[in-house]
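Heavy-atom basis, side chains included; hydrogens, waters and symmetry copies ignored. Counting convention: from 1, in listed order, for ligands and their atoms alike.
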Amino acid sequence: MNLENKVALITGSTRGIGNSIARLFLENNAKVVICGSTKENAEKAVTKMREELNLTDDNIMGIGLNMKDNSSMKSSVDEVINKWERIDVLVNNAGITSNVSLLDSTDEQFMEMFQINFFGVVSLTREVVKHMKETGGSIINTSSMVGTYGSRNQAAYASSKFAINGLTKSLAKELGMYNIRVNAVAPGVVATDMMNIVTEEMKQGLLRMTPLNKMAEPTDLAGAYLYLASDLSKFTTGTIIQVDGGLVM
Ligand code: NAD
């Protein structure tokens with residue numbers, strides 16, 4: 001799949017799933033904006049990717065984009081527009097999780113979860129759409145299987161992903177008139193830093209329920225994003241693609 005001439009901004013792309021998406025997009029000739037919560041983190045990831053894939057500055061750039069700070073979204077987007085003049089693909093992938101019961105949780109924890117996983121996404125998407133509506137494009141949100149099925153001791157996280165699913169379908173209806181497609185990918189269990197909160201016993205339990213019998217690597221997810229970013233999915237909008245090895249069906 002060729003993403004030639006497409007500019008893709010991927011949040012949370014210094015590591016984990018986002019980094020794998022960035023790599024696959026670069027291998028398919030996209031121009032990629034690596035986003036870290038600080039500029040320094042982004043630059044480190046850019047240097048590493050540049051060395052590994054033998055890239056030039058025309059393929060890759062790094063920006064600081066903190067999902068806690070809605071007021072910085074416009075300047076982050078402007079940095080990309082100043083360099084490449086367009087954003088064709090937005091991957092809203094950055095996120096946090098938590099494992100805490102309702103009774104042990106605080107309002108502040110719920111608010112932080114929603115700020116990073118939802119309100120930051122809304123704010124960034126608005127800034128990107130101001131430009132994307134001139135060219136059309138593809139917005140891909142990272143949801144989660146728990147955004148459809150819920151999860152014990154993860155009410156804040158699961159609720160934020162339910163909200164992402166609602167945003168995905170609503171914006172698909174609203175932005176289709178600009179030829180902007182809006183879809184989501186819902187991973188199951190993926191071996192990234194995020195899984196550090198899950199106990200070995202829980203992991204084994206999840207594995208037993210997964211027909212494909214393994215925990216996904218980030219690279220197992222990236223193909224779904226490539227499809228949604230490319231013109232092969234040009235008539236697909238408002239969908240949530242589950243990529244979970246059959247864990248829930
Ligand atoms: P990860 O922890 O490796 O990556 C999370 C990314 O989000 C990192 O790059 C981190 O820097 C970034 N991030 C966190 N807070 C941020 C902030 N305030 N501002 C900017 N960036 C911030 O985990 P991952 O598994 O790669 O997670 C990526 C996405 O996948 C998340 O949205 C997560 O909810 C989703 N997901 C993961 C799993 C899994 O099993 N790992 C399952 C379902 C969904």
Would you call K48 and E43 a salt bridge, taking side-chain N to carboxylate O under 4.0 Å as the test?
-> no
Donor-acceptor side-chain pairing of E4 and N28 below 3.5 angstrom = no
Taking T210 for its side chain and N213 for its backbone only, find out whether a donor-acceptor pair lies under 3.5 Å.
-> no
Which residues share a side chain to side chain contact (heavy atoms under 4.5 Å, CB included) with T97, sequence neighbours left out = Q154, Y157, M194, I197
Side chain to side chain donor-acceptor pair (under 3.5 Å) filter on K68, not counting sequence neighbours, yields E112
Contacts of S230 meeting side chain to side chain contact (heavy atoms under 4.5 Å, CB included) (sequence neighbours excluded), chain-then-number -> M1, L3, L232
Under 4.0 Å from ligand 1, residues with heavy atoms, in chain and number order, are G12, T14, R15, G16, I17, S37, L65, N66, M67, K68, N93, A94, G95, I96, I116, T142, S143, S144, Y157, K161, P187, G188, V189, V190, T192, D193, M194, M195
